[in-house]
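To start, the structure itself, in structure tokens.
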Amino acid sequence: PQQVLASFGVEAAEAATFGDAAEAAEGQAGEALVRRVLAQVRAVQDEALPRALMAAVHAGQTAEALALMEAGAPWDAIDSFGHSAGAIALRDGN
């Protein structure tokens, strides 16, 4: 579990809290790990990737935008003005 958490950027001290023997015996450590991993996946998919995609699209960085979409960024991510990444790319000829 600590290696999995570390791959999501969780510090070693925090990861250690998921390995408590008493919690493991009750199955709570596994549940806590799953919650943490799912929260991190949601943050990446719903926040970080769309934000990075919008920055790439606004900057006209087609290759970076394509790489971000291959990594899971939604082509229809919306910026603060309500414009989608796909619409901006089409408008700008990308």
Side-chain angles (χ1 to χ4, degrees):
Q2 290 180 348
Q3 288 177 321
V4 171
L5 290 169
S7 73
F8 284 99
V10 177
E11 299 294 326
E14 184 181 354
T17 64
F18 292 98
D20 182 81
E23 286 181 335
E26 297 175 18
Q28 294 174 357
E31 291 174 25
L33 173 60
V34 168
R35 283 193 301 277
R36 175 63 184 204
V37 168
L38 289 176
Q40 185 65 26
V41 167
R42 186 202 60 76
V44 169
Q45 288 180 338
D46 296 346
E47 298 169 15
L49 285 174
R51 187 172 31 253
L53 176 61
M54 292 308 298
V57 168
H58 280 289
Q61 299 171 334
T62 304
E64 185 174 338
L66 290 171
L68 287 162
M69 286 189 292
E70 285 180 19
W75 68 271
D76 59 349
I78 303 293
D79 68 9
S80 60
F81 301 106
H83 303 119
S84 74
I88 293 168
L90 287 172
R91 178 196 71 197
D92 295 346
N94 296 316

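Positions are given from 1 along the sequence.
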List the steps, then state whether side-chain contact (heavy atoms from CB on, under 4.5 Å) holds for Leu38 with Arg35.
-> CA-CA 5 Å; Leu38 289 176; Arg35 283 193 301 277; 6.0 Å; no

Closest approach of [X] to [Y] (non-hydrogen atoms, all atoms of both residues):
{"X": "Ala85", "Y": "Val57", "value": "O-CG1, 3.6 Å"}
{"X": "Pro74", "Y": "Pro50", "value": "CD-CG, 3.8 Å"}
{"X": "His83", "Y": "Met54", "value": "O-CE, 3.6 Å"}
{"X": "Leu49", "Y": "Gly72", "value": "CD1-C, 3.8 Å"}
{"X": "Leu53", "Y": "Ala77", "value": "CD2-CB, 4.4 Å"}

Nearest-0.5 Å distance that lies between atom CG in Leu68 and atom CD in Gln61 |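 It comes to 9.5 Å.
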
